[in-house]
Amino acid sequence: MMTVAQTVAEPTRRDFLFIATGAVGAVGVASAIWPFISQMAPDAATIAAGAPVEMDLGPIAEGQIVKIFWRGKLIFVRHRTKKEVEEAQNVVLADLRDPQPDSARVKEGHSQWLVVYGNCTHLGCVPLGNEGAFNGWFCPCHGSVFDTSGRIRQGPAPTNLPVPPYAFLSDSKIQIG
Ligand code: FES
């Protein structure tokens with residue numbers, strides 16, 4: 001026969017399990033977000049020292065561009081779609097002002113990732129991602145247009161967005177510098 005104490009205890013235990021599950025969920029979300037945030041904002045001492053910066057690429061969705069600072073310079077890390085990679089690879093080099101094949105601007109086996117400095121090579125403005133006639137970047141200051149490889153295609157900028165020194169530590173992690 002069920003006592004009053006048991007009928008009270010049972011829902012209490014269920015409540016506890018529910019709360020405990022909720023807490024685990026919250027911790028899981030926090031730990032998933034933290035590496036992303038920590039990579040987006042390396043501490044000031046690291047930046048000032050110009051030390052290499054590691055970046056976890058896992059949270060960057062296809063089609064997304066993430067900004068990071070290294071040695072006080074803005075850098076774009078772009079997770080290119082298959083279409084963007086193909087467009088970048090199929091360009092006729094003779095059509096380019098600063099001819100460079102896409103393969104020379106990415107790391108072998110990681111062509112979906114483009115890492116470039118984030119200031120326009122004209123006068124240093126910050127171009128807007130996924131804009132312009134080539135869906136790469138568009139610089140609103142004087143109209144320079146860059147393709148999905150960061151190469152100058154239209155406007156006054158004289159050269160491509162440069163590629164900073166970086167290396168893949170694994171398929172989902174790079175080190176800049
Ligand atoms: S600074 Fe970008 S076009 Fe002039």
Side-chain angles (χ1 to χ4, degrees), residues 36-169 172-177:
F36 186 61
I37 293 170
S38 69
Q39 295 302 334
M40 296 307 103
D43 64 78
T46 302
I47 293 171
V53 178
E54 288 185 13
M55 187 172 190
D56 181 9
L57 304 176
I60 307 174
E62 203 175 279
Q64 195 175 20
I65 303 169
V66 165
K67 297 171 184 172
I68 186 169
F69 283 90
W70 175 66
R71 291 191 174 173
K73 296 248 172 74
L74 177 64
I75 289 175
F76 294 136
V77 178
R78 181 172 184 142
H79 189 176
R80 303 189 297 183
T81 63
K82 196 164 180 284
K83 181 170 174 280
E84 289 171 343
V85 172
E86 283 170 5
E87 284 170 357
Q89 291 174 340
N90 293 336
V91 169
V92 177
L93 290 191
D95 292 345
L96 297 175
R97 182 178 304 165
D98 182 10
Q100 227 183 357
D102 186 63
S103 59
R105 298 177 54 76
V106 297
K107 302 296 183 191
E108 196 176 346
H110 302 282
S111 61
Q112 73 272 41
W113 295 104
L114 180 75
V115 182
V116 290
Y117 283 108
N119 290 95
C120 180
T121 54
H122 181 223
L123 294 175
C125 289
V126 177
L128 306 171
N130 296 312
E131 298 280 346
F134 299 89
N135 203 32
W137 283 270
F138 172 73
C139 183
C141 290
H142 313 96
S144 286
V145 174
F146 300 87
D147 64 16
T148 57
S149 191
R151 294 171 298 199
I152 181 63
R153 303 299 296 273
Q154 296 171 347
T159 57
N160 303 332
L161 298 177
V163 177
Y166 76 97
F168 275 83
L169 302 178
S172 61
K173 187 177 272 191
I174 58 170
Q175 177 176 290
I176 301 173

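Values below: every heavy atom of this structure, side chains too, minus hydrogens, waters and symmetry copies. Whatever order the structure lists ligands and atoms in, that order sets their numbers, starting from 1.
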SG(Cys141) to SG(Cys125) below 2.5 Å: yes

Derivation of the side chain to side chain contact (heavy atoms under 4.5 Å, CB included) call for Tyr166 and Val53: CA-CA 9 Å; Tyr166 76 97; Val53 178; over 6 Å; no

Polar side-chain atom of Arg97 near backbone of Gly155 as donor-acceptor pair, under 3.5 Å: yes

Any donor-acceptor N or O pair under 3.5 Å, side chains Ser149, Arg105: yes

Donor on one side chain, acceptor on other, Arg151 and Gln100, under 3.5 Å: no

Distance criterion under 2.8 Å: protein N/O/S atoms around atom 4 (Fe) of ligand 1: 2

Sequence neighbours excluded - ring pair (Phe, Tyr, Trp, His ring centres under 6.0 Å) pairs with any residue from residues 140-160: His122-His142

